Chemist: 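There's a structure below that I have some questions on.
The structure presented is a predicted model; accordingly, all values stated were derived computationally and were not measured. Keep in mind that the numbers below use all heavy atoms, side chains included, and drop hydrogens, waters and symmetry copies.
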Amino acid sequence: MSQIIDPISSEIFERKPYLQNYFRNFPSGNLWELGSAKKTGEYYVSLNGEPLSSSFSPLTQAIRLLDTYSLRATDIVILFGLGNPHLIQKISETLAPGQILILIGDDETLIPVIWDKVLKQVMTVPGRHLFSGELFFPLFFNYLDSLPIERVSGLKIIRNPTDTNRNPVYRELEEKTQTVFSAKMSDLLTKFEFERLWIKNSIWNLVHVGKESPTRYPISSLKDKFQGLTAILVSAGPSLRKNLPWLQSVRDKVFVLSCDTSLKVLIKAGILADGVVTLDAQTNSFFHFMGETLHQIPLFADLVSSPTLLREPLFRSVVHSVTAKYQVDAEGSLVREVTAGGELAEQVFTEVGDIQSGGSVATTAFDMLRFMGFSSVFFLGQDLAYSGREIHSTGTHHNEKWLTLLNRKNSLERINEVIIRKRETRFVPRTDGEGSVLTDYVLDLYRHWFEESASTVSEMKLFNVNEDGALIAGIESLSPDNAKKILEKTPHHNYPWRNHPIWNPDNAKADSSTPIFSLSEKNSKNESKQNPKGKPPHYLHHQGSESLFRRIQKDLEFMEQGLGRFERETPKESFQNSDIWIWMREESYLRRMVRKTEIYILRHKDLESERKNQLLIQSIKKEIRYLKRSLYPMMDSFPEKG
């Protein structure tokens, strides 16, 4: 324990408290030693007497290995294997203070052995982190998930060959690390492309709450209202069509929530869904509903969903939610990150309801079911693979479109094959355990999301009615016959949710805090007396939509005035030190609209100040014009007087 009382170590532990845990005297069958190499002043690590690097000159070995890598100042660097102390030191010396270096070992008991001579000096440098041993791997992935990816251009993995060859855990860690990092980069690129659209859509949707048909509700009014009930989440995988007879046989025992792509398939089979989920900020999702009669079905729509779809009275009602991610940051604090535009919802709704998403409609729909409190969930059409080398079930909008392209030389099979061959495909285990099935990179990300989610909802029973798709660990795969047996003793539910205002506008005065099973005409009448005409529902702020609209107008006017003042009075100074930019940084919905430009400047620090100013100001002006074009049609909704 002497290692943890010296002043340098104490200072390190004050800034990185988790490092103290390595000195708790963990039991281990491994004998780690730090030995002197034949070259004076050099050291090597041995495991049970076997050296994990050169015992002659580990420093020369480290330099040669490092020379094979090109490390940039914007890279995250991860070292797998701590068997060469000089490799740890040389990497740290190569990187700038503050640049992230993550050291990964496979045993907690190695750390005290190499702390004084190797790790202590490295850990004093900002940006250096250490995770060694199975107990610390979850902490590593929490840290990796919380990294500010905006400042990073790439991931560089360096391997100490002797370590990575002797223990397969390093390969598993590297694969998972690459998956997490790829998902984060994909998320960032998605934000680059869509954040401005998300913000515009969120503002439009919020401004029209309470103003247009259909009536809009927050999903918070359904939180935990369906406890004890069973739901079926219907996706549009190729296996859906063959399992529709099973769904028809259990329809009166379950709540059916459809992804937008699968709704047409259900309607053609004569199945009326209890709700349909959409997530797309673009107008593409409109085609999934076009030509169908949907007046009895509520639409569960993320706040960023396309206003083109929501402003039409196609649905019984609209249930809004926001996508939010909760993660632990580097300091161990829980951080809520909401999709761009979602932070404005609290100005209109008293509480919207946070839904976590893995990027697809199905992942969002699943978390909605968890949020609403369902005890059991069956997945249908959740192939997450190209079962039978098809992309979607027949009957979807995609297949309807492809049918118009068929001719003697272009079959439906050929269309599917052309699309599949353009994607980054791989084989994964099949649900029935026999062989494998073809999937792609994106679908596999969704599969991992479901697997991780399944491990965190132990209170829910999860079943995948699928014999053709990809195996989802943690979710039991069933044939339709076995799934039917599980539901044999489940009574018919008699559709209790249809008494809720979301499904029954005549009960619009019913209190959403009332359990779903006890909503009745009597309750509705009693609540009607408690909610005088003209008073907004309890889930809405009084004149919240109008206030938000006025705020957005004032924000845009203030920005235009601030930009004009900066260009007239202080054009040579750094714009990022100006009052208008400091104010914008606190207005997250505005700052997110110029995120791409801001990150570009962060990654190109050699740009001249004048060029940085030009890039930021041009970007801000462009976004002001974009928002104003979206907002001006709203002005008729809220006249200056009255």
Chemist: Applying salt bridge (Lys or Arg N to Asp or Glu O under 4.0 Å) as the test, list every pair that has at least one member in residues 231-245; sequence neighbours left out.
Modeler: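 Pairs touching residues 231-245 that pass the test: R241-E390, K242-D468.
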Chemist: For W497 and F226, take the angle between the two ring planes, folded into 0 to 90°, and tell me which bin it lands in: parallel under 30, tilted 30 to 60, perpendicular over 60.
Modeler: tilted
Chemist: Find out whether T278 and L309 are in side-chain contact, i.e. whether some heavy atom of one side chain is under 4.5 Å from a heavy atom of the other.
Modeler: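 Yes, at least one pair of side-chain atoms sits under 4.5 Å.
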Chemist: So, using side chain to side chain donor-acceptor pair (under 3.5 Å) as the criterion, who are the partners of D224 when residues are at least two apart?
Modeler: none
Chemist: Report the residues that fulfil ring-ring contact (aromatic ring centres under 6.0 Å, His included) with F137, sequence neighbours left out, ordered by chain and then residue number.
Modeler: none
Chemist: Determine the sole option in T261, V361, L263 for which the side-chain contact (heavy atoms from CB on, under 4.5 Å) test with V277 is passed.
Modeler: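 So, applying the side-chain contact (heavy atoms from CB on, under 4.5 Å) to V277 and each of T261, V361, L263, only V361 qualifies.
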Chemist: Between H320 and R216 (side chain of the first, backbone of the second, donor and acceptor by atom type, cut-off under 3.5 Å), is there such a pair?
Modeler: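 No; zero donor-acceptor contacts below 3.5 Å.
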Chemist: With sequence neighbours left out, write down each residue that passes salt bridge (charged side-chain N to carboxylate O under 4.0 Å, His left out) with R447, or none if nothing qualifies.
Modeler: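 For R447 the salt bridge (charged side-chain N to carboxylate O under 4.0 Å, His left out) partners, ignoring immediate neighbours, are D444, E451.
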Chemist: Any side-chain heavy atom of V256 within less than 4.5 Å of one from V234?
Modeler: yes
Chemist: The test is side-chain contact (heavy atoms from CB on, under 4.5 Å); show your working for I552 and Y589 and say whether it passes.
Modeler: CA-CA 10 Å; I552 301 297; Y589 82 97; 3.4 Å; yes
Chemist: Are the side chain of S182 and the backbone of Q178 linked by a donor-acceptor contact shorter than 3.5 Å?
Modeler: yes
Chemist: Apply the test salt bridge (charged side-chain N to carboxylate O under 4.0 Å, His left out) to residues K184 and E337: give CA-CA distance (whole Å), side-chain angles for both, the deciding distance (0.1 Å), then the verdict.
Modeler: CA-CA 13 Å; K184 286 180 70 67; E337 182 186 353; over 6 Å; no
Chemist: Can you tell me if CD on Q296 sees more than 12 non-hydrogen neighbours from other groups inside 6.0 Å?
Modeler: no
Chemist: State, with a plain yes or no, whether a side-chain heavy atom of S477 is found less than 4.5 Å away from one of L471.
Modeler: yes
Chemist: With sequence neighbours excluded, what pairs up with Q356 under the side chain to side chain donor-acceptor pair (under 3.5 Å) test?
Modeler: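 Side chain to side chain donor-acceptor pair (under 3.5 Å) list for Q356, sorted by chain: empty.
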Chemist: So does E417 pair up with R421, basic N to acidic O under 4.0 Å?
Modeler: yes
Chemist: Would you mind reporting whether L344 and F349 have side-chain heavy atoms less than 4.5 Å apart?
Modeler: no
Chemist: For I199 and G341, which heavy atoms make the closest approach, and how far apart are they?
Modeler: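 Minimum heavy-atom contact is CG1-N, 3.9 Å.
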Chemist: When you compare the side chains of S235 and Q382, does any donor N or O come within less than 3.5 Å of an acceptor on the partner?
Modeler: yes
Chemist: Could you walk me through whether K176 and F141 pass side-chain contact (heavy atoms from CB on, under 4.5 Å), step by step?
Modeler: CA-CA 9 Å; K176 188 174 180 182; F141 286 109; 3.5 Å; yes
Chemist: Whether D383 and R430 form a salt bridge (side-chain N of Lys/Arg under 4.0 Å from carboxylate O of Asp/Glu) is what I want to check.
Modeler: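 So R430 does not pair with D383 through a salt bridge.
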Chemist: Indicate yes or no: at least one non-hydrogen side-chain atom of I502 is less than 4.5 angstrom from one of R316.
Modeler: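 No, every pair of side-chain atoms sits at 4.5 Å or beyond.
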Chemist: According to ring pair (Phe, Tyr, Trp, His ring centres under 6.0 Å), does anything in residues 293-314 pair up with another residue at least two apart or in another chain? List the pairs.
Modeler: none
Chemist: Please identify which of these residues, V465, L380, L240, meets the side-chain contact (heavy atoms from CB on, under 4.5 Å) condition with L247.
Modeler: L380
Chemist: Just by distance, with hydrogens left out, do E467 and S479 show a side-chain donor and acceptor under 3.5 Å apart?
Modeler: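 Judged by distance alone, the side chains do not pair up.
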Chemist: What's the spacing between M185 CE and T190 OG1 if we round to 0.5 Å?
Modeler: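 Between atom CE of M185 and atom OG1 of T190 there are 11.0 Å.
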Chemist: Could you check if a side-chain atom of H500 sits within less than 4.5 angstrom of a side-chain atom of N504, using non-hydrogen atoms only?
Modeler: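 Side-chain contact under 4.5 Å: no.
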Chemist: Between atom CG of N466 and atom OG of S387, what is the distance when rounded to the nearest 0.5 Å?
Modeler: 6.0 Å
Chemist: Kindly compute the distance separating NZ (K489) from CG (L487), expressed to the nearest 0.5 Å.
Modeler: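 Those atoms lie 12.5 Å apart.
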Chemist: Drop me the distance from L303's CG to N205's CG, to the nearest 0.5 angstrom.
Modeler: 5.5 Å
Chemist: Indicate the atoms forming the closest heavy-atom contact of W198 with A340, along with that distance.
Modeler: CB-O, 3.6 Å
Chemist: Of the non-hydrogen atoms in F366 and S453, which two are nearest, and what is the gap between them?
Modeler: CE2-CB, 4.0 Å
Chemist: Among all residues two or more places apart in sequence or in another chain, which pass the ring-ring contact (aromatic ring centres under 6.0 Å, His included) test with H541?
Modeler: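 Counting only residues at least two positions away or on another chain, H541 forms no ring-ring contact (aromatic ring centres under 6.0 Å, His included).
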Chemist: With heavy-atom distances below 4.5 Å as the criterion, would you say the side chains of V428 and V437 are in contact?
Modeler: yes
Chemist: Which heavy-atom pair separates F427 from S436 by the least distance, and what is that distance?
Modeler: CD2-OG, 3.6 Å
Chemist: Any idea which heavy atoms bring A365 and L233 closest together, and the distance?
Modeler: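 Nearest pair, atom of A365 first, then L233: CB-CD1, 3.4 Å.
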Chemist: Side chains of Y495 and D274 only: does a donor on one sit below 3.5 Å from an acceptor on the other?
Modeler: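 No.
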Chemist: For the residue pair F315 and L310, establish whether any side-chain heavy-atom pair is separated by less than 4.5 Å.
Modeler: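 Sidechains of L310 and F315: no contact.
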Chemist: Going by the salt bridge (Lys or Arg N to Asp or Glu O under 4.0 Å) test, which pairs reach into residues 353-365, not counting sequence neighbours?
Modeler: R336-D354
Chemist: Taking E424 first and then R426, would you say they form a salt bridge - that is, a charged N and a carboxylate O separated by under 4.0 Å?
Modeler: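 Between R426 and E424 there is a salt bridge, with a charged N closer than 4.0 Å to a carboxylate O.
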Chemist: Do any pairs count as a salt bridge (Lys or Arg N to Asp or Glu O under 4.0 Å) and have a residue in residues 360-370, sequence neighbours left out, and if so which ones?
Modeler: D367-R370
Chemist: Taking all non-hydrogen atoms of both residues, which atom of V265 and which atom of S393 are closest, and how far apart?
Modeler: CG1-OG, 4.1 Å
Chemist: Has K485 got more than 12 heavy atoms of other residues, nucleotides or ligands less than 6.0 Å from its NZ?
Modeler: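 At most 12 heavy atoms, drawn from other residues, nucleotides or ligands, come within 6.0 Å of this atom.
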Chemist: Anything under 3.5 Å between a donor and an acceptor, one on a side chain of residues 280-294, the other on a protein residue two or more places apart or in another chain? List them.
Modeler:
from	atom 1	to	atom 2	distance (Å)
D280	OD1	Q282	N	2.9

Chemist: Does L478 have any side-chain contact (heavy atoms from CB on, under 4.5 Å) partners at least two apart in sequence or in another chain, and if so, which?
Modeler: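 Partners of L478 by the side-chain contact (heavy atoms from CB on, under 4.5 Å) criterion, ordered by chain and then number, come out as F378, F463, E476, N482, A483, I486.
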Chemist: Can you measure from OG (S458) to CG (L462) and round to the nearest 0.5 angstrom?
Modeler: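 Rounded to the nearest 0.5 Å, the OG-CG separation comes to 10.0 Å.
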Chemist: Between S258 (side chain) and V276 (backbone), is there a donor-acceptor pair under 3.5 Å?
Modeler: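 Checked: no pair found.
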Chemist: Do N416 and Y386 have side-chain N/O donor and acceptor atoms under 3.5 Å apart?
Modeler: no
Chemist: Give the intermediate values and the outcome of side-chain hydrogen bond (donor to acceptor under 3.5 Å, both in side chains) for residues T425 and D440.
Modeler: CA-CA 4 Å; T425 56; D440 67 24; over 6 Å; no
Chemist: NZ of K253: more than 12 outside heavy atoms within 6.0 angstrom?
Modeler: yes
Chemist: Restricting to side-chain contact (heavy atoms from CB on, under 4.5 Å), what partner residues turn up for F371, sequence neighbours left out?
Modeler: I219, K223, I355
Chemist: For a quick check under 3.5 Å, do S357 and T364 share a side-chain donor-acceptor pair by atom type?
Modeler: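 Yes, T364 and S357 have a side-chain donor paired with an acceptor closer than 3.5 Å.
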Chemist: For E459, does the CD atom have more than 12 heavy-atom neighbours from other residues, nucleotides or ligands under 6.0 Å away?
Modeler: yes
Chemist: If we ignore hydrogens and angles and just use 3.5 Å, is the side chain of T339 paired with the main-chain N or O of T323 as donor and acceptor?
Modeler: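 Such a contact is found between T339 side chain and T323 backbone.
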